[in-house]
4 protein chains.
Amino acid sequence: MNSDNPITSLFSTAEIDRIFSVRRQLQCMTEFERALTTALESVDLTSKESSAAFDSLRDAAFIDTASLMREAHQSGNVAIPFIRQLTAAISLRNPEAALNIHLGATSQDLMDTALVLQMREAFEVFYRDLHKLDQTLVGLVREQAQTLLVGRTWLQDGPPVTLGLKLAGWLAALRRHKQRLFQSGQRGLVLQFGGAVGTLAALGEHGPAVSAVLAKQLSLREPDLPWHTHRDSLVEIAGNLALLVGTLGKIARDVSLLMQTEVAEVFEPRAQGRGGSSTMPHKRNPVASAVILAAAARTPGLLATLLSAMVQEHERGLGGWHAEWETLPEIFRLAAVALSRTLEIAEGLEIDPERMRENLNATGGLVLSEAVAVSLAKHTGRVKAHALLQEASQRVLHDHLPLRDVLLAMPEVSEHLNESELTSLLDPRNYIGSTQHFIDRVLRESPNRAEDALR
Amino acid sequence: MNSDNPITSLFSTAEIDRIFSVRRQLQCMTEFERALTTALESVDLTSKESSAAFDSLRDAAFIDTASLMREAHQSGNVAIPFIRQLTAAISLRNPEAALNIHLGATSQDLMDTALVLQMREAFEVFYRDLHKLDQTLVGLVREQAQTLLVGRTWLQDGPPVTLGLKLAGWLAALRRHKQRLFQSGQRGLVLQFGGAVGTLAALGEHGPAVSAVLAKQLSLREPDLPWHTHRDSLVEIAGNLALLVGTLGKIARDVSLLMQTEVAEVFEPRAQGRGGSSTMPHKRNPVASAVILAAAARTPGLLATLLSAMVQEHERGLGGWHAEWETLPEIFRLAAVALSRTLEIAEGLEIDPERMRENLNATGGLVLSEAVAVSLAKHTGRVKAHALLQEASQRVLHDHLPLRDVLLAMPEVSEHLNESELTSLLDPRNYIGSTQHFIDRVLRESPNRAEDALR
Amino acid sequence: MNSDNPITSLFSTAEIDRIFSVRRQLQCMTEFERALTTALESVDLTSKESSAAFDSLRDAAFIDTASLMREAHQSGNVAIPFIRQLTAAISLRNPEAALNIHLGATSQDLMDTALVLQMREAFEVFYRDLHKLDQTLVGLVREQAQTLLVGRTWLQDGPPVTLGLKLAGWLAALRRHKQRLFQSGQRGLVLQFGGAVGTLAALGEHGPAVSAVLAKQLSLREPDLPWHTHRDSLVEIAGNLALLVGTLGKIARDVSLLMQTEVAEVFEPRAQGRGGSSTMPHKRNPVASAVILAAAARTPGLLATLLSAMVQEHERGLGGWHAEWETLPEIFRLAAVALSRTLEIAEGLEIDPERMRENLNATGGLVLSEAVAVSLAKHTGRVKAHALLQEASQRVLHDHLPLRDVLLAMPEVSEHLNESELTSLLDPRNYIGSTQHFIDRVLRESPNRAEDALR
Amino acid sequence: MNSDNPITSLFSTAEIDRIFSVRRQLQCMTEFERALTTALESVDLTSKESSAAFDSLRDAAFIDTASLMREAHQSGNVAIPFIRQLTAAISLRNPEAALNIHLGATSQDLMDTALVLQMREAFEVFYRDLHKLDQTLVGLVREQAQTLLVGRTWLQDGPPVTLGLKLAGWLAALRRHKQRLFQSGQRGLVLQFGGAVGTLAALGEHGPAVSAVLAKQLSLREPDLPWHTHRDSLVEIAGNLALLVGTLGKIARDVSLLMQTEVAEVFEPRAQGRGGSSTMPHKRNPVASAVILAAAARTPGLLATLLSAMVQEHERGLGGWHAEWETLPEIFRLAAVALSRTLEIAEGLEIDPERMRENLNATGGLVLSEAVAVSLAKHTGRVKAHALLQEASQRVLHDHLPLRDVLLAMPEVSEHLNESELTSLLDPRNYIGSTQHFIDRVLRESPNRAEDALR
């Protein structure tokens, strides 16, 4: 939240911090008031040329934030002291222009629309990083389509998969997230403008016209009607970011598990000073995964806050709206840093295919017991085959023999499957089924086409 | 959860309870296995006519649930003992058909797809009730388009709105929810079929063909690849239900606040024995609102659970998947009961327009102070006008005089606005701005068109 | 979090912000390392006089936060770059002293203990404000012990209570919170010191001795053993703050409901510029309640994050610990601001006993229907009495007659209760039961005694 | 929730299901009304011998649950129809006794006190199981005090710990949980009795006397005053269970990570049919850990619900209270099953000390690099020593040589440490520091003493 706070900076990016900074918020608020003044001009509700008085205010440097703070404590929000300071600043430039600043609008129109403008900027960051990550993953999926490693279920080794398939799963999920973000942006990145109680009464008959020009000035769509206490589209956006972080957390969990000393198949990129320990000289900590997992632990609770806060009273609510102010940007920050650090991992992913092979073989063929069971079942039925392989598995574990040898020594098996058949069944390359089919299906949908769909 | 549990039954509906009952789950699991057998037949992986053996099993009555329970404790899920019992039951009918039951699939394929089938049924309930609520609200919005009542912000009285506008806000939100549900159904109501580690290896080269027939049998779309540990689309569906409940909670909050003894503008429908108290004979409690508000308090935490649980390991996860089993149906139950009771409120809503008028007038015109300020501002500027009205407001509160009289006695006001102008400004009918415009915009989008968009 | 962020500053206090500032954190980290050096001296693991080299570093001004930030991105926490900078700074003063800085400790020892020191400071703030609020409420309870107002259940008017009773309920809850905070402080405000994996191996046989001196230097108790991945006592503290905020939220909800224009019985304190609206000149918004309610909406999700994050791996966890870093201080901030603003409300509470009386009478005696039912029941039994009063209540509502008149006209009532009995039964002063008994019981436990219990 | 629901039964225990069954709830409600009748007798508010009429009703078999359900939908809770049915049942036995059933009480008194009685029963289950687990762990800690295994931080191997130390950490945490439960039970397992608005007005002057006898009958303490909308002590209890589940989740995470195929150091107990897979014959899934981890994923969101729901209005709230009804028992269920399955794991824990030794040695001594660095630092200073060991570590990883050989070949190391010193430093038995000291400190506090403290 604070750019000179090292702890905070771990959980955000400089770019998203800038977008959700107070300065940017005040700039967007100024932008709203300028656009409103232009709209009021268009229906003669303020004097012509009023909006020109805003020309020199765009960077919000005119604001005295210290006094804004003090007043916000009394007024309950920043909009009221902001309007006071803006009016004073405009007044110096064009006293007549100052007369009708904020006419027709309420504090929440100003704050909500400024937030929408900030979110729209942040969406571009997410689209860009999702696109980069998509391209990186497409490359990796192609390269690693046939790289075999142990498939793992319930944290136990199972039959083989390929690294390409694993990564294709990530890729397909990220494309769904992109689609969701786009759909929620369509619904939620819209103007807020309703005045005190959502009727635009202060503008008399001019409400629709002013609203239309205001929206056009800000390049925002108008909603059907003001949404002061209907926060569904806002929370939907946050929810889609929380979903994205959930997927990124899954990826980071996988990377950190694969990076365990005893597994050692995949690693976060290497860098000077990265992942060291203050005590243990040999350590190489999964530092990016730590941040992503922390983000995945934090977003669910933050989203729950926004959902609880949807129960807002009447025309404009008490407490619920206020609960959003810090929570929503926090979700954007966590999603941005999680995405950025996943990109960092993907772009520099270290892969040890030899170790993957070793791990595949380490259990003497046990991970392929299903392959044998399936073939055997053609002769014995599934139940019997399953029981035979369970028995064989126990011998493998107990006697530290390869599964092949154990099976050959079991007459109920060897009467159906000979040595060469067993050798073939126990070759992991022969037991990856539809892997390439699935990979192809994901790759067929090119990142560019996905991108096109969004614009 | 338990149909003879009166407390639970308050927080569910009989219909949704049936859909998420164990019996229905076991039926859907049977349906999956039958469809899989049909698919295996199509590629000669099981004997022809095998699927016919399922004909008499559709109601899942063949299951011994007590032993299912005992075994589930050891196996960690119901799928394994279910397969055992199913195999035995089929075996009695056609021993050959029993040999290849479940071939190629894993427990999670079976349980996830059964869940998708249950959710698909539940979606129909939501679409139906959302459609009914839409039609009811359209009628109410039309009727009440001009019914004036106090607009309220921060729980304080403000300028007037109309009841029609308030209801149009609900209506517009509900239509967005319908659209969201539809979009998430498109993404999430898809087949799960990947085998042990998502490769369909046990089917050899036949994976894609079996998957295609299986999907067709169940009238489900196939995903790009199995989603065993990518739960985003499932959680998205739950998230959209949680969003819906948020809106319903907002509606219930409004109704219960309007029903307060001191406000008394709108009421839940009257019924024999409804809303009584065990002690206070005169009470009329907002019992439907209580249930809806409870649902709105509960869904956020349940959704947070699903989001946290997205961090699932490798090919199939440990604990995260299990955390979904009771949580996801619970969200469906709460959303269904909240929707059903909102429908009950809307269909029998009692409205007291006279009391609305009294409340509008109770503050001596204060709620129209903004109307006067806006007109006065044309002469004095906004800041000055605002200050004058604040001063007048304080006199109204202090001296218990009507605002009109106080203003007429203030020369800085009366020099600009005469008695008849003030009278007109203080008439609530003249200060509802774009209300009709907003209502028309919402009504223009007919419920039928919205419905069409979904199918 | 950021002292020049007006929005953030609404949701924290300057005092608690200072305690959880980066500067204070770095100071506490320096304090830890100084105390550790002193402890190492005591067993000759560093040269005598080493700790004197820390004398000039207490304000942490020696830290270059910009480079700390950059390095933290790579190292995953601030401790590693902090140690580097501290070592350099000490080296300039006493090169020998620099050799053994941090010996025996791990990053998490440093960061956790610094956090404990910060929390200990914050506890003093909570004890102080809880004590002030206790005293204020004791005064109010005494004053308002007999001030009658409507009791309200399910947001509907019921029999009378007194304002003193309402406030005594708040007071009793706050005393329970004080007790909880104290008990969790006993468990949780303890030293963290275990080295890399919690064995203090780097100190050889000197572990216990160094730990004891370190704890003594920091005036902290030692735990039974290091708690790197056992976060229960930390989360317990956060949980008790979340519970406190829950109670404060209940208070703010009550205040804001009582402040509704149609109720108008109790108000937040009046102040220049307070609670105004950017559009509505007459408004007096419950601004402190808004902040407290927002805090109450936000803490549950934050606590859920900490609870989820308890599942930390092995000797020191990945992601779970990191999820605490911003979340825990956020809970302290929200609890501090909620408490401070509740104190502000209590100290300046405006009470309108006349309006309370009017509201009691506004329903023609209906709120006392239970009083009549109870007396009538002695003659008719409870069920019959309840039914008669329900009938009478409906007539009151329908015919706008006082309950007294309606009852007198009902022979089944008037045969048992005569006019003077009914008049007495319908006097709210006669129907507050054990109110004074309850108040006395709460007041008997003086705030000083409660305070004593804590020290 | 439903004893014949196999999925639910995975996430509860039969014992706790019985305590929180509808039947038991109705029994506790009957117990409350009987005790109230006895109390009313004592002050002559009902006829003598009234309570005897309850003698035959204790098992709540007199209740028609189907009609209870239908009425609850209208009345908003089960208390009102329950009172109606109870009154009818008593009336058949002693018509006079039926006249004053429930006199003075409100629905919430009845439901809250019944809940307290149910929770008190559940507390006994938790005390018992915590005691058993304590004893089991004490035995294991003693046995495994010197069993070496890799310490792991950030999911990377670090210096050694002993299994006894790991288990002592679990034990110490569980003792804190027992203490917390006890303290919250002291505060929260108290009578609820206040009548409609918490004044006991319907009892006139007899409120205190009736309350005292009622409490005595139920062996419950009286609170200072009714707590209808002050839910802090209830939520505190739930919070302490959630904290307990957090610790159990940490234990299950550790067990499941240690059980990974590549680690294989510790296992859940073996049993017929346990942990099998529907497809993979060799699998041994950590099924108890899966349930515990699921519980740990679910309780945080449920607790957040209870915390959010604390914001209850006035004398008795709307929606918040209702949100507790299913949520609180759910937390009890999840905590009970998590505790019971942890006990199952602890009692049958399989340990492979040989594999632990292999894993310690698998990295060629790297996990002891800190031991060497600390000794070397005495000669070179910490910074230099750390750098030398980092360099050596990289060579170990790159050249697949033992750390000992690499270090001996580095002159900057070998000039300070000779071969025998290095051999000794690289022996894990020599680098466990204060392990035994910590274990002794935990064991010194015997489980019996901890138990005594509670009673």
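By convention in this document, chain letters (A, B, ...) are assigned in the order of the sequence lines, proteins followed by strands, and residues within each chain are numbered from 1.
Looking at heavy atoms from C-beta onward, D:His73 lies in side-chain contact with B:Arg341 at the 4.5 angstrom threshold. Using a 4.5 Å heavy-atom threshold, the side chains of D:Glu326 and B:Glu330 count as touching. Two residues are said to be in side-chain contact when any heavy atoms from C-beta on lie closer than 4.5 Å; B:Leu318 and D:Asn285 fail this criterion.
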**Request:** Under the side-chain contact (heavy atoms from CB on, under 4.5 Å) rule, what do B:Leu302 and D:Leu302 come out as? Steps first, then yes or no, please.
**Result:** CA-CA 7 Å; B:Leu302 294 170; D:Leu302 294 169; 4.0 Å; yes
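When D:Leu306, D:Val287, D:Leu293, D:Leu103 are compared by the number of non-hydrogen pairs under 4.5 Å with chain B, D:Val287 comes out ahead. Annotation: maximal heavy-atom pairing with chain B below 4.5 Å, among D:Glu324, D:His322, D:Arg298, occurs at D:Arg298. Contact count versus chain B (heavy atoms, under 4.5 Å) is highest, among D:Gly317, D:Ala295, D:Ala294, D:Ser75, for D:Ala294. Chain B forms the most heavy-atom pairs under 4.5 Å with one residue out of D:Ala304, D:Ala296, D:Ala297, D:Ser289, and that residue is D:Ala297.
Contacts between D:Pro286 and chain B at a heavy-atom distance below 4.5 Å involve backbone atoms as well as side-chain atoms. Contacts of D:Glu344 with chain B are made by side-chain atoms alone, with heavy-atom separations under 4.5 Å and no backbone atom involved. For a residue to count as touching a neighbouring chain, one of its non-hydrogen atoms must lie under 4.5 Å from one of that chain's; by this rule D:Arg23 does not touch chain B. With a 4.5 angstrom heavy-atom cutoff, B:Arg84 does not touch chain D via any of its atoms. Contacts between D:Arg70 and chain B at a heavy-atom distance below 4.5 Å are absent for every atom of the residue. When heavy atoms are compared at a cutoff of 4.5 Å, D:Glu71 does not approach chain B at all.
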